[in-house]
Protein chains: 2
Amino acid sequence: MKQKAVDPKTRILETATRLFYTQGYHATGINQIIQEAGVARASLYTHYQSKEELCIAFLNFRHVYWFKCFREFIGAVTDPEQQLMTAFDFLISMNDKEDFRGCAFMNILSEISPADTTLYTIIQHHKQNLRDTLASILPHHTQLLKDHIYLLFESAMLESHLYRNQWPVLQAKKMLKTLL
Amino acid sequence: MKQKAVDPKTRILETATRLFYTQGYHATGINQIIQEAGVARASLYTHYQSKEELCIAFLNFRHVYWFKCFREFIGAVTDPEQQLMTAFDFLISMNDKEDFRGCAFMNILSEISPADTTLYTIIQHHKQNLRDTLASILPHHTQLLKDHIYLLFESAMLESHLYRNQWPVLQAKKMLKTLL
DNA sequence: TAAAACAGACTGATCGGTCTGTTTTATTTT
DNA sequence: AAAATAAAACAGACCGATCAGTCTGTTTTA
């Protein structure tokens, strides 16, 4: 289970990322994390104050990772309209890669209440970031069209999770074509 | 806390429904349910075999309740296109009523894995039911348009949960207008 | 008088988190 | 290069609390 190639802090974060994402936050215990990370109990609490702190680190890590992958993926093309189409192809590739586990941020959102302001804010910021990123591809179009694309993108991601199938993304791509 | 007007089994289900929906499945313990339902521990396990059985009952109960409210709400109008607009108004009223807690089914979906086949199937069936219901309002339109409306409906519900704001629903209504 | 609901003790397991003390690793000084 | 030292990671006991679920026996209801 131990992969001593990387340092303990990284192993903890990567393990927590995988488990929080695939099992959920409350369904994942500290014991499982330290066990699968091959790390001492005390080491986890040296690097992260609490389970919630670890969740925050997970969301921040995931945020950076997701946008890095996203930008790389859509950066392969230059034409704006083609770039939007590629954005939906990105969803397809992520569904394949991560077995239709959906959006890590929306999954955590389902487990928390608005009283968890730190987590709630991180999730909102991530999505606002995505919204801005998509909007920036077609800067001269109406706000309504930008929102339209964003909503289709979101439901494509969430509904393919639900059905464990690419059809929502494929259909969303066709809808996008009618809008551009 | 006890509202002995209804029988224990109903109190358990209604309490579990409220707690699972507002706090999530794994974050809600049996102790809290029996306490807030004002019911004996043994009574819960006479009516429901396990916590998962209770979750199944919750989803089935919610399914019936949600569609009953939905049909009543949109049944107030007869014109198909107007009925679709009213469907989005229903989301607005539910957001107000339930404090932007989003979709009970998608929330549970975030907490489980495809291995939980029973729960997963119930959730998929609920959404397929919604998909069919929306599609039946405009039976003579293309499959693409039906899916389009469904995807907008879904993201309107989920994104208003995220932002705790009605704007996604209001924007989705405008998008719908451009599609009809 | 029988069924249902009650209170609450009890199980073993696990929860998140703290603490002690040992071993390993890395850096610095000789 | 070898020895000294400081920092990091280690194993694992331990904490009180809670978890889901079982069981006994009493009280209420029908």
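None of these values were measured; they are calculated from a predicted model. Here is the naming used below: chain letters follow the sequence lines, and residue numbers restart at 1 for every chain.
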Can you check whether B/N129's main-chain N or O pairs, donor with acceptor, with B/D132's side chain at less than 3.5 Å? no
Mind checking the CD1-CZ spacing from B/I33 to B/R18? Nearest 0.5 Å is all I need. 10.0 Å
Here the distance between atom P of C/dA4 and atom CD1 of B/I34, to the nearest Å, is 20 Å
Within 45° of the ring axis of B/Y21 and under 6.0 Å from its six-membered ring centre, is that where the NZ or CZ of B/R62 lies? yes
What I'd like to find out is whether the side chain of B/L170 reaches to under 4.5 Å of the side chain of B/K174, using heavy atoms alone. no
Can the ring centroids of B/F67 and B/H126 be said to lie less than 6.0 angstrom from one another? yes
I'd like to know whether the aromatic ring centres of B/W66 and B/F90 sit less than 6.0 Å apart in this structure. yes
For atom CG of B/L44 and atom C1' of D/dC19, their distance in whole Å: 14 Å
Just the table, please: protein N/O against nucleotides 14-19 of chain C N/O, every pair under 3.5 Å.
unit_1: C/dC15; atom_1: OP2; unit_2: A/N31; atom_2: ND2; d: 2.7
unit_1: C/dG16; atom_1: OP1; unit_2: A/T28; atom_2: O; d: 3.4
unit_1: C/dG16; atom_1: OP1; unit_2: A/K51; atom_2: NZ; d: 2.8
unit_1: C/dG16; atom_1: OP2; unit_2: A/I30; atom_2: N; d: 2.6
unit_1: C/dG16; atom_1: N7; unit_2: A/R41; atom_2: NH2; d: 3.2
unit_1: C/dG17; atom_1: OP2; unit_2: A/Y45; atom_2: OH; d: 3.2
unit_1: C/dG17; atom_1: OP2; unit_2: A/K51; atom_2: N; d: 2.8
unit_1: C/dG17; atom_1: N7; unit_2: A/R41; atom_2: NE; d: 3.1
unit_1: C/dG17; atom_1: N7; unit_2: A/R41; atom_2: NH2; d: 2.6
unit_1: C/dG17; atom_1: O6; unit_2: A/R41; atom_2: NE; d: 2.4
unit_1: C/dG17; atom_1: O6; unit_2: A/R41; atom_2: NH2; d: 2.9
unit_1: C/dT18; atom_1: O4; unit_2: A/R41; atom_2: NE; d: 3.3

Check whether any side-chain nitrogen or oxygen of B/H47 sits under 4.0 Å from OP1 or OP2 of C/dA5, and answer yes or no. yes
Test the B/K9-B/Y48 pair against the cation-pi criterion, namely NZ or CZ under 6.0 angstrom from the six-membered ring centroid and within 45° of the ring axis. yes
Report the distance from atom CD1 of B/I33 to atom P of D/dT18, rounded to the nearest whole Å. 16 Å
Per-nucleotide pairing state of DNA chain D [Watson-Crick or G-U, under 3.5 Å; [ ] pseudoknot-crossing; | other strand]: ||||||||||||||||||||||||||||||
Could you state the NZ-P distance from B/K9 to C/dA3, rounded to the nearest angstrom? 18 Å
Carboxylate-amine/guanidinium proximity below 4.0 Å for A/E72 and A/K68: yes
